[in-house]
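Below is one structure, written out as structure tokens, with a few remarks after it.
Quantities reported herein were computed from a predicted structural model and do not represent experimental measurements. Throughout, a chain's letter reflects where its sequence line sits, starting with A, and its residues are numbered from 1.
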There are 2 protein chains.
Amino acid sequence: MNITAIIGYLAAFGTTVSFLPQAIKTIQTKNTSGISLSMYGLFTLGTLFWLIYGIMSGSLPVAIANAITLLFASIILVYKIRYK
Amino acid sequence: MNITAIIGYLAAFGTTVSFLPQAIKTIQTKNTSGISLSMYGLFTLGTLFWLIYGIMSGSLPVAIANAITLLFASIILVYKIRYK
């Protein structure tokens, strides 16, 4: 693995892991009052586009990171819509 | 511009713009009680690594998106440290 890919995976780790406690907190408390629906919808859509971009541009760190972030963001978005 | 780059810029727009209202809200209210310091620190560091990765891998959407997100995330992080 080259240095660029290593930096990519460090980046992927940082931005992906930071969403995990938010997802867990939302599942446990079902409290989504502090979350903006339109902004989270836009963020989730953006993450989906990053996943497609990562696959099409052949960037594995971008694809993997956004597949995981998309999962977390989708869970939070579904809870926001269901428990608003 | 090819379709991959267009998808990249759509992705960049979605995930970048979604941080703007959070940054504005934090600057105006100085209320950072709902923000986790360790998680935001990790996220900001991750964004910095994405910026470096974008430059090194020659991906302009990744580099531009994360330069802007890094700016927003850094502002929120500074406010969190200052007004905790």
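- Neither the backbone nor the side chain of A:Ser38 comes within less than 4.5 Å of any heavy atom in chain B.
- For the pair A:Ser18 and A:Pro21, the tightest heavy-atom approach, listed with the atom from each and the gap, is O-CD, 3.6 Å.
- For a residue to count as touching a neighbouring chain, one of its non-hydrogen atoms must lie under 4.5 Å from one of that chain's; by this rule B:Thr16 does not touch chain A.
- Of the residues considered (A:Thr44, A:Asn66, A:Val62, A:Val17), A:Val62 shows the highest number of contacts with chain B, using heavy-atom pairs under 4.5 Å.
- Looking at A:Leu42, the atoms closer than 4.5 Å to chain B (heavy atoms on both sides) sit in the backbone and in the side chain alike.
- With rounding to the nearest 0.5 Å, the separation of CD1 in B:Ile68 from CG in B:Leu70 is 10.5 Å.
- A:Phe19 touches chain B through its side chain: at least one heavy atom from C-beta onward sits under 4.5 Å away, while N, CA, C and O do not.
- Taking the side chain as every heavy atom from C-beta outward, A:Lys30 and A:Tyr79 approach each other to under 4.5 Å.
- One N or O on the side chain of A:Lys80 and one on the backbone of A:Thr32 form a donor-acceptor pair closer than 3.5 Å.
- The choice from B:Phe49, B:Trp50, B:Tyr40, B:Tyr53 that makes the most heavy-atom pairs within less than 4.5 Å of chain A is B:Trp50.
- Residues B:Met56 and A:Ile7 approach most closely at SD-CD1, 3.6 Å, considering heavy atoms.
- Heavy atoms of A:Ala73 lying under 4.5 Å from chain B are absent altogether.
- Applying the side-chain contact (heavy atoms from CB on, under 4.5 Å) test between B:Phe43 and each of B:Thr69, B:Leu77, B:Ile76, B:Leu48 identifies B:Thr69 as the sole match.
- Note on B:Gly8, B:Ala11, B:Ser36, B:Pro61: by heavy-atom pairs under 4.5 Å with chain A, the leading option is B:Ala11.
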